[in-house]
J.: 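Dropping a structure here in structure tokens format, bear with me for questions.
A note on names: the letters A, B, ... follow the listed sequences, proteins ahead of strands, and every chain is numbered from 1. Because the structure is predicted, anything quoted here is derived from the model rather than measured.
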Protein chains: 2
Amino acid sequence: MTSVEEPARPNGRIRDAARTKAEILDVATKEFARSGFAGARVDEIAARTRTTKRMIYYYFGGKEQLFTAVLERAYSVIRQAEQELDVEHLDPVAAIRRLAEVTFDHHERHPDFIRLVSIENIHEAEHIAASEKLGRIGSPALDVIRRILESGQRSGLFTADVDAVDLHAMISSFCFFRVSNRHTFGALFGRDLVAPDLREHYRKMLGDMVIAYLTADRATD
Amino acid sequence: MTSVEEPARPNGRIRDAARTKAEILDVATKEFARSGFAGARVDEIAARTRTTKRMIYYYFGGKEQLFTAVLERAYSVIRQAEQELDVEHLDPVAAIRRLAEVTFDHHERHPDFIRLVSIENIHEAEHIAASEKLGRIGSPALDVIRRILESGQRSGLFTADVDAVDLHAMISSFCFFRVSNRHTFGALFGRDLVAPDLREHYRKMLGDMVIAYLTADRATD
DNA sequence: TCACTAATGTACGAACTAGTACGTTAGTAA
DNA sequence: TTACTAACGTACTAGTTCGTACATTAGTGA
């Protein structure tokens, strides 16, 4: 997250559109992630910034658009991480495992993002649909998966009947669920999926699972 | 004014505590699932029943407790389904596959339940924590998994290092994500994970994945 | 320096929303 | 029948909550 530091001007108000906007987005991200869309309070978001509610409406137009802007920025962060993915020099098995690990790590490090996505799903992705920006950008990760998969299938290492989007769904589901459903799962089954001492265990489990699936002999049936 | 208006039920109110309570729960389930906890409106819930808001407070005490009651009933349904699971006569591989399929089917058939669980996770499972009932009941599915796993490991069919809770998490994550994240996933990657014509594909994919993981040769590393 | 505009602050209101005070009626036990 | 109580309805309120009308100031180009 872009944190905004400032050498506190005495008492006159400072004018810095970029900073004000970024600060609103920072605070709004936390508030929406914490309370959901309906549960978040515009007044509360304003109170936690150094500016006023008026500015939220000035820059974003309303609560709904603010949430969309929050989502747009949150997704741009994950796109960034995916773009920095550098696995093409690895052999297919190692590359897939690495990709899974990076996805795993990113989900763990951004619980607020996970919550925002959960919330957006409750709202049936209506903000994504309303966003020009989010509609356009594809997923760099998908391209990477496609290439690894192709290479792995060509060399006969991987079974042929797998598609990039499906594999992405498989990896994401495990990483996402572990964070998003941590609370109910913990309360019902007495296991904290995000406990630090289980981190390596689940990271390995994900890799094992994906590789097992990709290299399995699908002879039966 | 003698109304000879007919059907045995003139317009006098009917008294049926059980029916009223159940009707409130039905409507509240839909409302909470649709709008989240904060987004759901008590007035709206009341309006959709044949009774009034007063009754919600009379029977449940408040919005918070109503949500808890909704959760309790929703979980009791899935427990029921798990209890009816009959796979012990199958060989371990078939039993696990069957278990995965039943889980898959149940998630698909109860999207409202998925949404409620997502919402409860946003609230960090505070209602589950506050519920006597939900704390006590374990998961029949877990017991089943434990037994199948044990049998499969004893016979050397399954690799030894898997635990029932983890396997349950693995299966659930795929089933849950497919429904819970269907909207954002669809909007971003252009694939509807719950499209009817992909149902069999994903059902098989889940089984293949789990079996591949359980029977994989974990020799490497 | 002067005018102009982007950026900001203050105060307020209309609509909504959870919850309740109070009254009424249907069923039932004596 | 009568008395009692669980079940129900109406009308209201106190407190929120999103949004805006209006006023003000800092920076900037002429």
J.: Enter the distance from A/L134:CG to A/I128:CD1 here, rounded to the nearest 0.5 Å.
T.: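 Output value for this atom pair is 5.5 Å.
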J.: Closer than 4.0 Å, any side-chain N/O of B/Y59 to the OP1 or OP2 of D/dA6?
T.: no
J.: Nearest heavy atom decides the nucleotide; on that basis, is A/Y58 or B/E44 closer to the 5' end of DNA chain C?
T.: A/Y58
J.: Classify the nucleic acid contact of A/A46 as base, sugar-phosphate or nothing, counting any heavy atom under 4.0 Å across all strands shown.
T.: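 No contact at all - A/A46 keeps every heavy atom at 4.0 Å or more from the nucleic acid.
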J.: Ring centroids only, cut at 6.0 angstrom: are A/F177 and B/F177 within range, meaning strictly under it?
T.: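 Distance test on ring centres: not under 6.0 Å, no.
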J.: Would you please confirm or rule out a distance under 4.0 Å between OP1 or OP2 of D/dA7 and any side-chain N or O of B/T20?
T.: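 Answer no for this pair, as no side-chain N or O of B/T20 is under 4.0 Å from OP1 or OP2.
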J.: Can you check whether any acceptor in the base of C/dG19 is under 3.5 Å from a donor in the side chain of B/K63, or vice versa?
T.: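 Side chain to base: no pair present.
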J.: Parallel under 30°, tilted from 30 to 60°, perpendicular over 60°: which one fits the rings of B/H110 and B/H106?
T.: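 If you compare the ring of B/H110 with that of B/H106, the planes turn out parallel.
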J.: Take the protein atom CD1 of A/I24 and the nucleotide atom P of C/dA7, then report the distance between them rounded to whole Å.
T.: 12 Å
J.: Tell me whether the rings of B/F37 and B/H123 are parallel (<30°), tilted (30 to 60°) or perpendicular (>60°).
T.: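 Taking B/H123 first and then B/F37, their aromatic rings stand perpendicular (interplane angle over 60°).
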J.: Using atom CZ of B/F60 as one end and atom P of D/dA7 as the other, report the distance to the nearest whole Å.
T.: 12 Å
J.: Return the orientation label for the B/H107 and B/F176 ring planes: parallel under 30°, perpendicular over 60°, tilted otherwise.
T.: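 Correct class here is perpendicular.
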J.: Which comes earlier along DNA chain D counting from the 5' end, the contact point of B/M55 or that of A/R54, where each point is its nearest nucleotide?
T.: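 That would be B/M55.
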J.: Measure CD1/B/I56 against P/D/dT10 and give the value in whole Å, please.
T.: 14 Å
J.: What is the distance, to the nearest angstrom, from the CZ atom on A/R41 to the P atom on D/dT17?
T.: 4 Å
J.: Is A/T52 near enough to C/dG9 that one of its side-chain N or O atoms lies under 4.0 angstrom from OP1 or OP2?
T.: yes
J.: Starting from P on D/dG9, measure out to CZ on B/R50 and report it in whole angstrom.
T.: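 After rounding, the reported distance stands at 11 Å.
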J.: Give the rounded distance in Å between these two atoms: CZ of A/R19 and C1' of C/dA6.
T.: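 To the nearest whole Å, that distance equals 15 Å.
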J.: Do any side-chain nitrogens or oxygens of B/T51 fall under 4.0 Å of OP1 or OP2 in D/dG9?
T.: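 Answer yes for this pair, as a side-chain N or O of B/T51 is under 4.0 Å from OP1 or OP2.
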J.: Which whole-number value in Å describes the distance from A/Y57 OH to D/dG19 P?
T.: 4 Å
J.: In whole Å, what is the span from the NZ atom of A/K53 to the C1' atom of C/dA7?
T.: 18 Å
